[in-house]
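In what follows, a structure is listed as structure tokens, so that the remarks can point back to it.
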Amino acid sequence: MYTSRISGLGSYVPENIVTNDDLSKLMDTNDEWIQERTGIKERRHIKKGDGNTTSVMAVKASEIALERAGLTPKDIEMIVFATLSPDMYFPGGGVEVQEMMGMDTVPALDVRNQCSGFVYAISVADQFIKTGMYKNILVIGSEHHSGGLDYTTRGRNVSVIFGDGAGAAVLTRNETGRGGILSTHLHSEGKHKDELALPGPSTSYWVPEIIEKNPQENIPYYPYMNGQFVFKHAIVRFSEVIKEGLQANNLTTSDIDMLIPHQANLRISQFIQRKLKLGDENVYNNIQRYGNTTAASIPIALTEAWEEGKIKEGDLVVLAAFGSGFTWGSAMIRW
Ligand code: UT7
């Protein structure tokens with residue numbers, strides 16, 4: 001059985017910075033509320049005409065990751081693309097990346113697991129490498145939220161949180177004989193699917209209905225989130241799935257060198273940090289600058305932590321996520 005390691009990381013966010021004060025001009029909110037409840041100071045939004053889409057940002061992040069891995073698009077044997085905001089309803093974003101990057105006719109798989117998407121995607125890629133089927137897999141998380149949020153006061157509990165961006169990792173068969181991905185742990189609980197969801201447009205609301213009904217009243221086009229309910233489940237599941245991963249590898253919380261939690265809310269990250277008794281140097285957060293970029297948040301944070309020299313060879317790096325579905329997961333990585 002082979003193991004895999006991350007051989008290259010990259011990220012991209014649009015240039016356009018949207019501050020809390022900018023949002024307070026559109027809806028009844030304010031900088032104090034947003035910072036106090038979420039930790040977010042600003043986020044990036046795609047600007048009309050800047051050329052970015054979910055897949056375009058994915059390519060920009062992927063180009064950096066590939067270069068750092070010392071590989072070219074022709075070396076990639078599979079794409080695993082996590083997003084809840086693909087450019088098109090179908091086909092998924094993976095095929096767009098395949099085309100834009102000029103790759104061979106490699107398999108392109110889209111993962112639809114929202115905030116847990118990147119951890120799920122890493123796990124899928126890891127299995128293909130473990131079995132020996134592929135050597136180099138491009139794993140992406142990319143999201144364009146800003147085009148689909150409700151910027152009236154009605155949508156404020158959701159629209160102040162989410163931002164746009166992309167991150168990518170190249171997973172490579174580990175020939176070094178050291179470390180790599182130790183294990184991944186995935187879960188779901190569909191009975192809570194309505195607590196954080198965007199029901200339409202979808203096969204529940206097909207085109208004739210969209211045309212006939214007044215969308216403002218009848219069709220839920222904007223994401224809905226039962227914030228407190230999600231928060232309470234998040235703090236339980238994050239801790240559980242991190243401990244599950246540690247136990248599976250006979251490790252303890254004191255072995256964690258760097259925890260990269262999905263950037264859902266700074267308060268959630270801080271709660272987990274306290275619960276696991278981790279130092280500030282052992283948890284990386286950048287939600288202050290980017291908001292919650294769902295599937296992109298972990299690869300963006302992981303890339304930045306690595307760029308800042310906060311991840312060193314031999315470190316135990318833990319990725320953990322929780323989100324819509326509900327779905328949650330963790331990945332234990334020896335760097
Ligand atoms: O990434 C996927 C997983 N997502 C999460 O884990 C998110 C989990 N949930 C959260 O992060 C928090 O629940 C939120 C940040 C979404 C909301 O914070 P909260 O402390 O749970 O606030 P709340 O929803 O209980 O609302 C408290 C008050 C309400 O007003 P009343 O009813 O007390 O008068 C809201 O209407 O805050 C109001 N409110 C706002 N006020 C100003 C909600 N959103 C805003 C806003 N600005 N943007």
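Note that ligands are numbered from 1 as they come in the structure, with each ligand's atoms numbered from 1 the same way.
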Relative to each other, are the rings of H187 and W328 parallel, tilted or perpendicular (30° and 60° limits)?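 Ring orientation of H187 relative to W328: parallel.
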
For a quick test of reading the model, state the closest non-hydrogen atom pair linking D315 to K310 and the distance between them.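 So the two residues come closest at OD2-O, 4.0 Å.
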
For ligand 1, indicate whether the residue Q114 contacts it via side chain, backbone, both or neither (heavy-atom separation under 4.0 Å).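 Neither part.
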
How does F231 reach ligand 1, if at all, at less than 4.0 Å between non-hydrogen atoms: by side chain, backbone, both, or neither?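 For F231, the contact with ligand 1 is made by both the backbone and the side chain.
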
If you measure from the Lys or Arg side-chain nitrogens to the Asp or Glu carboxylate oxygens, is any gap between [X] and [Y] under 4.0 Å?
{"X": "R68", "Y": "E63", "value": "no"}
{"X": "E304", "Y": "R289", "value": "yes"}
{"X": "E313", "Y": "R178", "value": "yes"}

Please check whether [X] reaches ligand 1 - meaning an N/O of the residue sits under 3.5 Å from an N/O of the ligand, judged on distance alone.
{"X": "C115", "result": "no"}
{"X": "H262", "result": "yes"}
{"X": "N292", "result": "yes"}

Considering [options], which one's heavy-atom position lies nearest to [atom]?
{"atom": "atom 40 (C) of ligand 1", "options": "F326, F322, W328, W33", "result": "W33"}
{"atom": "atom 10 (C) of ligand 1", "options": "N265, I40, T29", "result": "N265"}
{"atom": "atom 19 (P) of ligand 1", "options": "E32, R156, R37", "result": "R37"}

Would you say [atom] has a protein heavy atom nearer than 4.0 Å?
{"atom": "atom 47 (N) of ligand 1", "result": "yes"}
{"atom": "atom 24 (O) of ligand 1", "result": "no"}
{"atom": "atom 43 (C) of ligand 1", "result": "yes"}

